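What you are looking at is a predicted structure, and each value in this text was computed from that prediction instead of being measured.
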Amino acid sequence: GILPMNMKKKISSKKKKQQKAFVTEVEVAAVGKTWNTLIPFVSALVVIVASCVIQFGIYYANNGGGSSSGMPSAENSPAVLSLLTSYVCKANGGVAGFCHDNLEPTRRTHRPKRRINAGERILTVPRKFQIWDLDALRDPYIGAISKSARHHDTGNPIDSGAFLAVYLVRRHRMAKMNMEMGLQDDLLPYFTVLPTFDELKSNHPLMWESEEMILELLPNHSSAYEKIHGYRMMIGSEYKSIRNSFVDSTEFMKEVTEEEYWTMRVNVLSRSFATGPPGQEEAREGMSMEEEIQLYKSERGIDLSLGCKAMVPVLDMYDHHAKPNAIWKYEPQSGAFVVDAGPDGINAKHEVMISYGNLTDSHLMARYGFSNGDGSDKTEASLAMHHTFYDLGLGQEFSLVPANGLTEEMVKKQLKQIVAYMEFDDGYSGCLNETNTNMKAMELKYLKLQLLSKIANNRTRWIVELPSRKPSAKPGKSTGSPSSLLVPFFENNKMNFNGDLLLATCRLITLTEGDYGGNAIEVLREVVQNNTGDTFLVGQNHPSNEFLSYKCLERLASLQQKRFAPKPQATERRLLKKKRLFYTDYHNWTAAHVRLGEIQTLDGFIESVKKFSSHIYNQIPKHQRDHPRWSPREDPCPPEYSLFLVPT
């Protein structure tokens, strides 16, 4: 699941024809045996040799001679070939794995020599070769880590993936020691091919040297940057918290260096698979699985009833596509991970492709370090123009929301940000301020701010998520080259999404006291008093509120869009039309596709909400259109008119 380090380039048929014609001219020139023709011949020969050297260099770098990091590529080493051909494919210690006899290793994955039909079993990885977070939590060393170890800033539990990373570091050291002593270790071949610190540092955004390097490719308001930044904070906080839980932290730092931890933690993030809740087949003698799950939940706040994480050799070398040609699953009865050919089978010489989940391009880049670039995955973009989330969208793994809820200081800090959404005073003839005689309007504005604060960290109220730009996209033969050189785009007539929660946010922002049949203040006051603001949704009201709500969404998306660059979509398209970028600067190629996806999400969203607002506007009589309720404000009111609503 790690971003490709070796990429194979195919010479276009046009290029081949040009070279063939060029060689023919050279041969004719040589036959002339004159100095006038010999000089062009020599020049042409130099060009051909140089071209061959370049092409060989690309082929060599992409097929085992090197990698984009300038280091030897472990993915094409004999160790990788051995892992792909024999590690789980043959009986080992009495435990039989399985690999389809039609599979052959290529680059760092499998492809069939001949077509594999739908439903055929491709791979079976027995439990013996898997490494679970459950295994880590049962390890005596992990057990010795203080049960009070929590994220220092929030008091939140540390994710089980962190303990799995610590376990992998120590298990890897043990495997190397066994090798030095001449002892067999079944897991050594797997550890040998896991990406190293230097390889990840070159290829994975979570390991790039600095925030500045990330910001060069991804603006800090992008969803991709937010997730990368969030994961980096998570890993740093995990290591610090575990280290500080030891009485003598230097001893832990000797056992697990920070470099080793980051390496394994990124490997866990990008290569582990979900097993589902562990069943009784995983229970140890003397304790039921239910009792053990409850133990970890009470001691460490880790809830394995939501599922375990497992490192699965060979399976984790298969790449992702939203329309995979193979399907993986975990079978609790046998304890094995299995892979079967998908409904369309797998064509000869096509790499095995699986799905990592229904994630957006932005999330795929942050967690796995890649984008397919063919428009097959979902896209997302944020409308949170004025505030930053405490919920970073990383689920149970990490959040900045403290275990006991937001502190008063955190709420005040966020209120100072979200009050900016209240600055337009849509629906009113003039700007509202504390000296305004319309006290009802000011009370409503205060109530709206309180409720906006309740949903400020509910990402579903601020994030636009759109389906695939190209649902028909299918995986190419190999991830070593782009499956399509066409820049993806949304087809407007095929873009369907549910924006009800986003619309409810802007309904709240643009609400006036005349809405809810003139009872808007009473309705919001009751919600605030009952403390139900986190679940409260403003429903459809007067058509004017609906119109202003769509214009509010358009405004937020347009302002966010302008933060990318002038004419951003055209800029990214020009960049992506440079075909060599995939091979010469994969970081930039991936980031450009992710940026483009977020920009296109905003563009498509803007066009959609414009259609809705226009439809509503065209239904009202012309003589009513000059009323303030139908006139969204073009410029914000002075900030001080709203800031006084924020408690000091």
Side-chain angles (χ1 to χ4, degrees), residues 215 218-227 229 360 362 379-389 393 414-428 431-432 445 448-449 452-453 455-466 490 495 497 499 501-511 545-572 594-614 617 631-643 645-646:
L215 286 169
L218 297 166
N220 62 4
H221 62 271
S222 70
S223 290
Y225 172 83
E226 180 198 34
K227 287 182 172 59
H229 183 66
T360 64
S362 300
T379 57
E380 69 174 276
S382 174
L383 299 183
M385 257 297 296
H386 302 297
H387 76 287
T388 54
F389 294 108
Q414 204 166 51
L415 276 171
K416 290 178 181 178
Q417 296 173 341
I418 64 174
V419 73
Y421 297 110
M422 311 300 297
E423 291 178 1
F424 281 84
D425 290 335
D426 292 316
Y428 295 95
C431 292
L432 304 176
K445 190 171 184 176
K448 290 195 294 184
L449 181 62
L452 206 59
S453 175
I455 62 170
N457 296 295
N458 183 341
R459 299 178 65 85
T460 62
R461 304 294 298 270
W462 302 93
I463 302 295
V464 180
E465 191 173 285
L466 296 184
F490 281 111
M495 186 173 62
F497 65 96
L501 294 177
L502 299 170
L503 187 60
T505 299
C506 270
R507 283 174 180 157
L508 175 62
I509 292 172
T510 60
L511 205 66
N545 177 251
E546 204 72 356
F547 170 73
L548 291 176
S549 299
Y550 281 114
K551 299 304 287 187
C552 165
L553 290 174
E554 179 187 340
R555 176 195 298 142
L556 292 176
S558 298
L559 290 172
Q560 193 75 310
Q561 180 195 55
K562 290 176 182 177
R563 296 175 71 184
F564 277 92
K567 297 182 179 179
Q569 192 168 158
T571 302
E572 302 298 353
V594 171
R595 289 194 306 265
L596 178 65
E598 295 195 23
I599 292 165
Q600 289 177 330
T601 298
L602 293 169
D603 285 350
F605 183 74
I606 290 169
E607 290 304 310
S608 293
V609 297
K610 275 184 176 180
K611 290 178 182 178
F612 285 112
S613 63
S614 295
Y617 190 73
S631 303
R633 198 176 302 282
E634 293 185 3
D635 299 307
C637 297
E640 58 269 22
Y641 284 14
S642 299
L643 276 174
L645 297 170
V646 180

> Rounded at 0.5 Å granularity, tell me how far CG in L502 sits from CD in E465.
10.5 Å
> What residues, two or more places apart in sequence or in another chain, satisfy side-chain hydrogen bond (donor to acceptor under 3.5 Å, both in side chains) together with E380?
S223, K227, T360
> Which heavy atom in E598 sits nearest to a heavy atom in A224, and how many Å separate them?
OE2-N, 3.0 Å
> Would you check if L415 and I418 make a side-chain contact, meaning some heavy-atom pair closer than 4.5 Å?
yes
> Would a 4.5 Å heavy-atom cut-off, applied to side chains only, mark L503 and R507 as touching?
yes
> Tell me whether E640 at atom CD has more than 12 heavy atoms from other residues, nucleotides or ligands lying less than 6.0 Å away.
yes
> If you define the side chain from C-beta out and look only at heavy atoms, does anything of C506 sit under 4.5 Å from L556?
yes
> What closest approach, in Å, do N545 and T510 show between heavy atoms, and which atom pair accounts for it?
ND2-OG1, 3.2 Å
> Please say which of R633, R555, K448 ends up in a salt bridge (charged side-chain N to carboxylate O under 4.0 Å, His left out) with D426.
R555
> Are the charged groups of K551 and E554 less than 4.0 angstrom apart, N to O?
yes
> Let me see the working for S222 and R595 under side chain to side chain contact (heavy atoms under 4.5 Å, CB included), right down to the final yes or no.
CA-CA 8 Å; S222 70; R595 289 194 306 265; over 6 Å; no
> Quick one, H387 and W462 - any side-chain contact, counting heavy atoms below 4.5 Å?
yes
> Can you tell me how far apart CG (L645) and NZ (K416) are? Round to the nearest 0.5 Å.
14.0 Å
> Could you give the distance from OG1 (T379) to CG (L602), rounded to the nearest 0.5 Å?
9.0 Å
> Decide yes or no for E226 and H229: does some side-chain heavy atom of the first lie under 4.5 Å from some side-chain heavy atom of the second?
no
> Can you give me the closest heavy-atom contact between H386 and A420, atom names plus distance?
CG-CB, 3.5 Å
> Between E423 and P639, is any pair of side-chain heavy atoms under 4.5 Å apart?
yes
> F612 versus E546: any side-chain heavy-atom pair under 4.5 Å?
no
> Distance from T388 atom OG1 to N457 atom CG, nearest 0.5 Å?
8.5 Å
> Are the side chains of Y641 and M422 in contact, using a 4.5 Å heavy-atom criterion?
no
> How far does CG of L553 sit from CD1 of I606, to the nearest 0.5 angstrom?
10.5 Å
> So which atom in F424 and which in C637 form the shortest heavy-atom distance, rounded to 0.1 Å?
O-SG, 4.3 Å
> What pair of heavy atoms forms the shortest contact from T505 to I455, and how long is it?
OG1-CD1, 4.0 Å
> How long is the gap from CG on L508 to CZ on R461, to the nearest 0.5 Å?
7.5 Å
> Which heavy atom of Y421 sits nearest a heavy atom of L383, and at what distance?
OH-O, 4.2 Å
